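Here is the structure we will look at, set down as C-alpha coordinates.
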Amino acid sequence: MKLREVKEILDADVIVGKDKLDIEVSTAFGADLMSDVLAFAKAGSLLLTGLTNAQVVQTAATRHIAAIILVRGKEPSTEAIDMAKELQIPILATKYILFETAGILYSKGIVGCLKKVGNDSFHK
Amino acid sequence: MNPAVNKSEDTLNKYSFNIEGGNFNDAGTVSTRIKSILKQKGLPNDVVRKSAIVCYEAEINIVSYARKGTVNLTITAETVEIEVIDEGPGIPDIEQAMEQGYSTANQQIREMGFGAGMGLHNINSYSDKFDITSEVNKGTFLKMIINNPQSTKDL
(Lines give C-alpha, C1' and ligand atoms only; values in the text may rest on other atoms or scores of the structure.)
Protein backbone atom coordinates (compact mmCIF):
# COMPACT_ATOMS: atom_id res chain seq x y z
CA MET A 1 0.00 0.00 0.00
CA LYS A 2 1.25 3.47 -0.79
CA LEU A 3 1.62 6.01 2.02
CA ARG A 4 -0.93 8.13 0.13
CA GLU A 5 -3.55 5.42 0.72
CA VAL A 6 -2.56 5.16 4.39
CA LYS A 7 -3.18 8.89 4.68
CA GLU A 8 -6.60 8.55 3.06
CA ILE A 9 -7.91 5.59 5.07
CA LEU A 10 -6.71 7.12 8.34
CA ASP A 11 -8.03 10.57 7.38
CA ALA A 12 -4.57 11.79 8.37
CA ASP A 13 -2.74 15.07 7.98
CA VAL A 14 0.72 14.94 6.46
CA ILE A 15 2.92 16.99 8.79
CA VAL A 16 6.26 16.10 7.14
CA GLY A 17 6.93 14.34 3.83
CA LYS A 18 4.25 15.54 1.40
CA ASP A 19 6.67 14.54 -1.38
CA LYS A 20 7.06 11.01 -0.02
CA LEU A 21 3.51 9.68 -0.33
CA ASP A 22 4.50 7.16 -3.00
CA ILE A 23 6.49 5.06 -0.50
CA GLU A 24 5.23 1.46 -0.40
CA VAL A 25 4.48 -0.05 3.01
CA SER A 26 3.20 -3.47 4.00
CA THR A 27 4.03 -3.82 7.73
CA ALA A 28 3.64 -1.80 10.91
CA PHE A 29 4.66 -1.67 14.57
CA GLY A 30 2.82 0.18 17.31
CA ALA A 31 4.33 1.28 20.65
CA ASP A 32 4.91 4.23 22.92
CA LEU A 33 8.03 2.62 24.33
CA MET A 34 10.95 3.53 22.10
CA SER A 35 13.20 0.81 23.52
CA ASP A 36 10.70 -1.72 22.19
CA VAL A 37 10.68 0.01 18.81
CA LEU A 38 14.47 -0.34 18.75
CA ALA A 39 14.20 -3.98 19.76
CA PHE A 40 11.37 -5.17 17.56
CA ALA A 41 10.42 -2.83 14.70
CA LYS A 42 11.53 -3.82 11.22
CA ALA A 43 12.99 -1.58 8.54
CA GLY A 44 10.44 -0.23 6.10
CA SER A 45 7.53 -0.51 8.55
CA LEU A 46 5.11 2.15 9.69
CA LEU A 47 5.53 3.25 13.31
CA LEU A 48 2.22 3.88 15.09
CA THR A 49 2.75 5.88 18.28
CA GLY A 50 1.30 8.47 20.61
CA LEU A 51 4.68 9.94 21.53
CA THR A 52 5.44 13.28 19.90
CA ASN A 53 8.99 14.23 20.90
CA ALA A 54 12.18 14.23 18.84
CA GLN A 55 13.22 10.85 20.24
CA VAL A 56 10.44 9.23 18.21
CA VAL A 57 12.07 10.52 15.04
CA GLN A 58 15.58 9.52 16.19
CA THR A 59 14.30 6.06 17.03
CA ALA A 60 12.52 5.79 13.69
CA ALA A 61 15.70 6.81 11.87
CA THR A 62 17.78 4.29 13.79
CA ARG A 63 15.32 1.56 12.84
CA HIS A 64 14.82 2.76 9.21
CA ILE A 65 11.11 3.24 9.76
CA ALA A 66 9.28 4.22 6.54
CA ALA A 67 6.90 6.70 8.19
CA ILE A 68 5.60 7.74 11.61
CA ILE A 69 1.85 7.73 12.22
CA LEU A 70 0.92 9.82 15.26
CA VAL A 71 -2.35 8.59 16.74
CA ARG A 72 -5.02 10.00 19.11
CA GLY A 73 -4.82 13.47 17.51
CA LYS A 74 -1.33 14.13 18.86
CA GLU A 75 0.67 16.97 17.37
CA PRO A 76 4.43 16.57 17.01
CA SER A 77 6.79 18.88 18.87
CA THR A 78 8.71 21.50 16.86
CA GLU A 79 11.92 19.56 17.54
CA ALA A 80 10.33 16.40 16.15
CA ILE A 81 9.18 18.19 13.00
CA ASP A 82 12.61 19.74 12.41
CA MET A 83 14.34 16.43 12.92
CA ALA A 84 11.90 14.58 10.65
CA LYS A 85 12.59 17.12 7.90
CA GLU A 86 16.33 16.73 8.39
CA LEU A 87 16.22 12.93 8.47
CA GLN A 88 13.53 12.82 5.75
CA ILE A 89 11.05 10.69 7.67
CA PRO A 90 7.38 11.38 6.92
CA ILE A 91 5.07 12.15 9.85
CA LEU A 92 1.32 11.64 9.47
CA ALA A 93 -1.19 12.55 12.20
CA THR A 94 -4.55 10.85 12.66
CA LYS A 95 -7.33 11.36 15.17
CA TYR A 96 -8.01 7.62 15.39
CA ILE A 97 -6.82 5.95 18.59
CA LEU A 98 -3.98 3.44 18.38
CA PHE A 99 -6.30 0.42 18.44
CA GLU A 100 -8.53 1.77 15.66
CA THR A 101 -5.55 2.90 13.58
CA ALA A 102 -4.03 -0.57 13.79
CA GLY A 103 -7.39 -2.21 13.01
CA ILE A 104 -8.08 -0.04 9.98
CA LEU A 105 -4.61 -0.71 8.56
CA TYR A 106 -4.86 -4.44 9.31
CA SER A 107 -8.22 -4.70 7.57
CA LYS A 108 -6.60 -3.21 4.48
CA GLY A 109 -3.79 -5.75 4.44
CA ILE A 110 -1.05 -4.12 6.53
CA VAL A 111 0.32 -6.70 8.98
CA GLY A 112 2.57 -6.55 12.02
CA CYS A 113 6.30 -6.46 11.36
CA LEU A 114 6.43 -9.52 13.59
CA LYS A 115 3.63 -11.63 15.06
CA LYS A 116 4.99 -12.48 18.49
CA VAL A 117 8.13 -11.79 20.40
CA GLY A 118 10.28 -14.78 21.20
CA ASN A 119 13.71 -16.22 20.86
CA ASP A 120 13.94 -15.18 17.24
CA SER A 121 12.99 -11.56 17.94
CA PHE A 122 16.60 -10.47 18.29
CA HIS A 123 18.65 -10.82 15.17
CA LYS A 124 22.11 -11.35 16.51
CA MET B 1 50.88 -9.10 10.02
CA ASN B 2 47.59 -9.09 8.23
CA PRO B 3 47.31 -5.79 6.31
CA ALA B 4 43.68 -5.54 7.34
CA VAL B 5 44.78 -5.29 10.97
CA ASN B 6 47.24 -2.52 10.12
CA LYS B 7 44.40 -0.71 8.51
CA SER B 8 42.45 -0.87 11.75
CA GLU B 9 45.18 1.17 13.44
CA ASP B 10 44.63 3.94 10.95
CA THR B 11 43.55 6.98 12.98
CA LEU B 12 40.99 7.75 10.30
CA ASN B 13 39.00 4.79 11.52
CA LYS B 14 38.77 6.04 15.09
CA TYR B 15 36.24 8.63 16.10
CA SER B 16 35.30 10.20 19.41
CA PHE B 17 32.13 12.03 20.41
CA ASN B 18 31.16 13.86 23.57
CA ILE B 19 27.72 13.70 25.14
CA GLU B 20 26.34 16.11 27.69
CA GLY B 21 24.25 14.68 30.52
CA GLY B 22 20.69 15.98 30.78
CA ASN B 23 20.61 17.28 27.21
CA PHE B 24 17.56 15.33 26.08
CA ASN B 25 17.15 17.18 22.78
CA ASP B 26 20.50 15.96 21.49
CA ALA B 27 20.08 12.33 22.52
CA GLY B 28 20.55 10.20 19.44
CA THR B 29 22.69 12.59 17.44
CA VAL B 30 25.87 10.56 18.04
CA SER B 31 24.22 7.36 16.86
CA THR B 32 22.98 9.19 13.76
CA ARG B 33 26.56 10.36 13.09
CA ILE B 34 27.95 6.88 13.66
CA LYS B 35 25.32 5.42 11.38
CA SER B 36 26.25 7.75 8.54
CA ILE B 37 30.00 7.11 9.04
CA LEU B 38 29.48 3.35 8.90
CA LYS B 39 27.23 3.66 5.86
CA GLN B 40 29.80 5.81 4.13
CA LYS B 41 32.43 3.14 4.82
CA GLY B 42 30.20 0.67 3.02
CA LEU B 43 29.60 -1.61 6.00
CA PRO B 44 26.70 -4.08 5.68
CA ASN B 45 23.25 -2.72 6.63
CA ASP B 46 22.90 -5.18 9.47
CA VAL B 47 26.16 -4.03 11.06
CA VAL B 48 25.15 -0.37 10.67
CA ARG B 49 21.73 -1.06 12.17
CA LYS B 50 23.05 -2.95 15.20
CA SER B 51 25.73 -0.33 15.84
CA ALA B 52 23.17 2.47 15.69
CA ILE B 53 20.81 0.69 18.09
CA VAL B 54 23.42 -0.07 20.77
CA CYS B 55 24.88 3.41 20.52
CA TYR B 56 21.46 5.03 20.76
CA GLU B 57 20.48 3.14 23.90
CA ALA B 58 23.85 3.98 25.47
CA GLU B 59 23.39 7.64 24.57
CA ILE B 60 19.96 7.68 26.17
CA ASN B 61 21.56 6.27 29.33
CA ILE B 62 24.20 9.02 29.44
CA VAL B 63 21.69 11.79 28.85
CA SER B 64 19.35 10.27 31.43
CA TYR B 65 21.76 9.50 34.25
CA ALA B 66 25.32 10.79 33.77
CA ARG B 67 26.98 14.22 33.97
CA LYS B 68 28.82 13.66 30.72
CA GLY B 69 30.17 10.90 28.56
CA THR B 70 32.31 9.96 25.60
CA VAL B 71 31.61 7.55 22.77
CA ASN B 72 34.65 6.08 21.01
CA LEU B 73 34.10 4.39 17.69
CA THR B 74 36.76 2.13 16.20
CA ILE B 75 36.18 0.52 12.84
CA THR B 76 38.34 -2.41 11.85
CA ALA B 77 38.02 -4.78 8.92
CA GLU B 78 36.28 -7.36 11.10
CA THR B 79 34.44 -5.38 13.75
CA VAL B 80 32.81 -2.17 14.86
CA GLU B 81 33.82 -1.35 18.43
CA ILE B 82 31.88 1.19 20.42
CA GLU B 83 33.14 2.26 23.84
CA VAL B 84 30.92 4.40 26.01
CA ILE B 85 32.50 5.99 29.07
CA ASP B 86 30.56 8.21 31.41
CA GLU B 87 31.07 10.25 34.54
CA GLY B 88 28.05 9.70 36.69
CA PRO B 89 26.43 7.84 39.54
CA GLY B 90 27.51 4.40 38.35
CA ILE B 91 25.49 1.21 38.68
CA PRO B 92 25.60 -0.49 42.11
CA ASP B 93 24.23 -3.83 40.91
CA ILE B 94 24.96 -4.55 37.24
CA GLU B 95 23.20 -7.90 37.26
CA GLN B 96 19.99 -6.23 38.41
CA ALA B 97 20.41 -3.37 35.89
CA MET B 98 20.73 -5.91 33.07
CA GLU B 99 17.38 -7.49 33.95
CA GLN B 100 14.56 -6.69 31.54
CA GLY B 101 12.17 -4.26 33.17
CA TYR B 102 14.47 -3.02 35.94
CA SER B 103 14.79 0.74 35.79
CA THR B 104 15.55 3.76 37.98
CA ALA B 105 14.27 6.20 35.35
CA ASN B 106 12.38 9.34 36.30
CA GLN B 107 9.22 10.67 34.67
CA GLN B 108 11.08 12.82 32.13
CA ILE B 109 12.93 9.80 30.76
CA ARG B 110 9.74 7.76 30.61
CA GLU B 111 7.91 10.53 28.76
CA MET B 112 10.54 10.27 26.03
CA GLY B 113 9.63 6.64 25.52
CA PHE B 114 12.56 5.17 27.42
CA GLY B 115 13.29 4.10 30.99
CA ALA B 116 11.33 0.86 30.93
CA GLY B 117 14.35 -1.25 31.79
CA MET B 118 15.11 -2.35 28.24
CA GLY B 119 18.24 -0.35 27.41
CA LEU B 120 21.07 -2.54 28.66
CA HIS B 121 19.09 -5.60 27.65
CA ASN B 122 18.79 -4.27 24.09
CA ILE B 123 22.49 -3.37 24.02
CA ASN B 124 23.40 -6.87 25.13
CA SER B 125 21.07 -8.44 22.58
CA TYR B 126 22.41 -6.49 19.63
CA SER B 127 26.11 -6.70 20.47
CA ASP B 128 28.15 -9.72 19.48
CA LYS B 129 30.27 -9.02 22.55
CA PHE B 130 29.27 -6.75 25.41
CA ASP B 131 31.29 -5.75 28.47
CA ILE B 132 30.12 -3.49 31.26
CA THR B 133 31.93 -2.28 34.34
CA SER B 134 30.82 0.40 36.75
CA GLU B 135 31.97 2.19 39.87
CA VAL B 136 29.45 3.90 42.13
CA ASN B 137 29.82 7.70 42.18
CA LYS B 138 32.41 7.55 39.39
CA GLY B 139 30.87 6.20 36.23
CA THR B 140 30.16 3.36 33.87
CA PHE B 141 32.13 1.84 31.03
CA LEU B 142 30.50 -0.08 28.19
CA LYS B 143 32.21 -1.84 25.33
CA MET B 144 30.16 -3.22 22.49
CA ILE B 145 31.61 -5.19 19.61
CA ILE B 146 29.61 -5.86 16.47
CA ASN B 147 31.14 -8.35 14.07
CA ASN B 148 31.28 -7.57 10.40
CA PRO B 149 30.60 -10.91 8.69
CA GLN B 150 31.65 -9.52 5.33
CA SER B 151 34.99 -8.30 6.68
CA THR B 152 35.44 -5.08 4.75
CA LYS B 153 39.00 -4.83 3.44
CA ASP B 154 38.96 -1.32 2.05
CA LEU B 155 37.68 1.02 4.68
Side-chain angles (χ1 to χ4, degrees), chain A residues 29-45 47-66 68-72 74-89 91 98 113-114 117-124, chain B residues 23-36 38-39 44-61 63-64 100-103 105 107-130 144-147 149:
Chain A
F29 186 78
D32 283 356
L33 179 56
M34 293 301 112
S35 282
D36 275 352
V37 177
L38 287 174
F40 302 124
K42 298 267 163 64
S45 297
L47 171 60
L48 280 45
T49 187
L51 274 193
T52 57
N53 57 50
Q55 295 313 318
V56 173
V57 182
Q58 280 288 2
T59 303
T62 304
R63 252 343 203 145
H64 296 143
I65 291 292
I68 298 164
I69 313 286
L70 296 181
V71 300
R72 304 192 284 274
K74 302 277 182 184
E75 287 176 10
S77 65
T78 317
E79 292 82 12
I81 293 174
D82 290 346
M83 192 165 287
K85 283 178 183 162
E86 190 188 323
L87 300 174
Q88 300 189 9
I89 298 176
I91 299 181
L98 179 61
C113 64
L114 79 168
V117 298
N119 293 336
D120 59 345
S121 300
F122 291 102
H123 299 275
K124 289 207 100 170
Chain B
N23 189 348
F24 287 95
N25 277 338
D26 277 357
T29 50
V30 173
S31 79
T32 306
R33 281 286 308 283
I34 285 182
K35 196 169 86 172
S36 72
L38 297 178
K39 258 191 191 169
N45 284 341
D46 201 42
V47 175
V48 177
R49 184 175 64 89
K50 289 197 269 193
S51 304
I53 291 170
V54 301
C55 180
Y56 189 33
E57 288 280 14
E59 251 183 282
I60 292 287
N61 282 349
V63 168
S64 302
Q100 262 193 77
Y102 178 81
S103 178
Q107 192 57 29
Q108 190 181 13
I109 300 164
R110 289 174 197 268
E111 277 169 9
M112 285 199 318
F114 290 93
M118 290 296 295
L120 290 174
H121 180 79
N122 274 357
I123 291 171
N124 189 34
S125 300
Y126 278 99
S127 304
D128 290 302
K129 191 166 183 292
F130 175 49
M144 290 82 83
I145 296 179
I146 287 117
N147 294 332

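No experiment lies behind these values; they were computed from the predicted model shown. Numbers restart at 1 for each chain; the letters A, B, ... are given by sequence-line order, proteins then strands.
Of the two parts of B:Y56, only the side chain, counted from C-beta on, holds a non-hydrogen atom closer than 4.5 Å to a non-hydrogen atom of chain A.
B:N122 contributes a side-chain N or O that, together with a main-chain N or O of A:S35, makes up a donor-acceptor pair within less than 3.5 Å. A donor-acceptor pair is defined here as one N or O able to donate and one able to accept, closer than 3.5 Å; such a pair exists between the side chain of B:Y126 and the backbone of A:A39.
Taking CG of A:L38 as the start and CZ of B:R49 as the end, the distance is 10.5 Å to the nearest 0.5 Å. The distance from atom NE2 of A:H64 to atom CG of B:N45, rounded to the nearest 0.5 Å, is 6.5 Å. Note that the CG atom of B:N25 and the CD atom of A:Q58 stand 10.5 Å from one another [nearest 0.5 Å].
At a threshold of 4.5 Å between non-hydrogen side-chain atoms, the residues B:E111 and A:N53 do not count as touching. Looking only at side-chain heavy atoms (C-beta outward), A:L51 and B:M112 stay at 4.5 Å or farther from each other. At a threshold of 4.5 Å between non-hydrogen side-chain atoms, the residues A:M34 and B:M118 do not count as touching.
Put simply, of A:A61, A:A43, A:A54, A:S77, the one with the most heavy-atom pairs under 4.5 Å next to chain B is A:A61. The candidate from B:G113, B:C55, B:G115, B:A116 with the greatest count of non-hydrogen atom pairs under 4.5 Å with chain A is B:G113. Interface summary for chain B: among A:T52, A:T59, A:T49, A:V37, the most heavy-atom pairs under 4.5 angstrom belong to A:T59.
The two atoms that bring A:T62 and B:S31 nearest to each other are OG1-OG, 4.1 Å, heavy atoms only.
Within 6.0 Å of CG in B:N23 there are more than 12 heavy atoms belonging to other residues, nucleotides or ligands. More than 12 heavy-atom neighbours from other residues, nucleotides or ligands sit within 6.0 angstrom of CZ on A:R72.
When B:I109, B:V63, B:I60 are each tested for a side chain to side chain contact (heavy atoms under 4.5 Å, CB included) with A:Q55, only one passes: B:I60.
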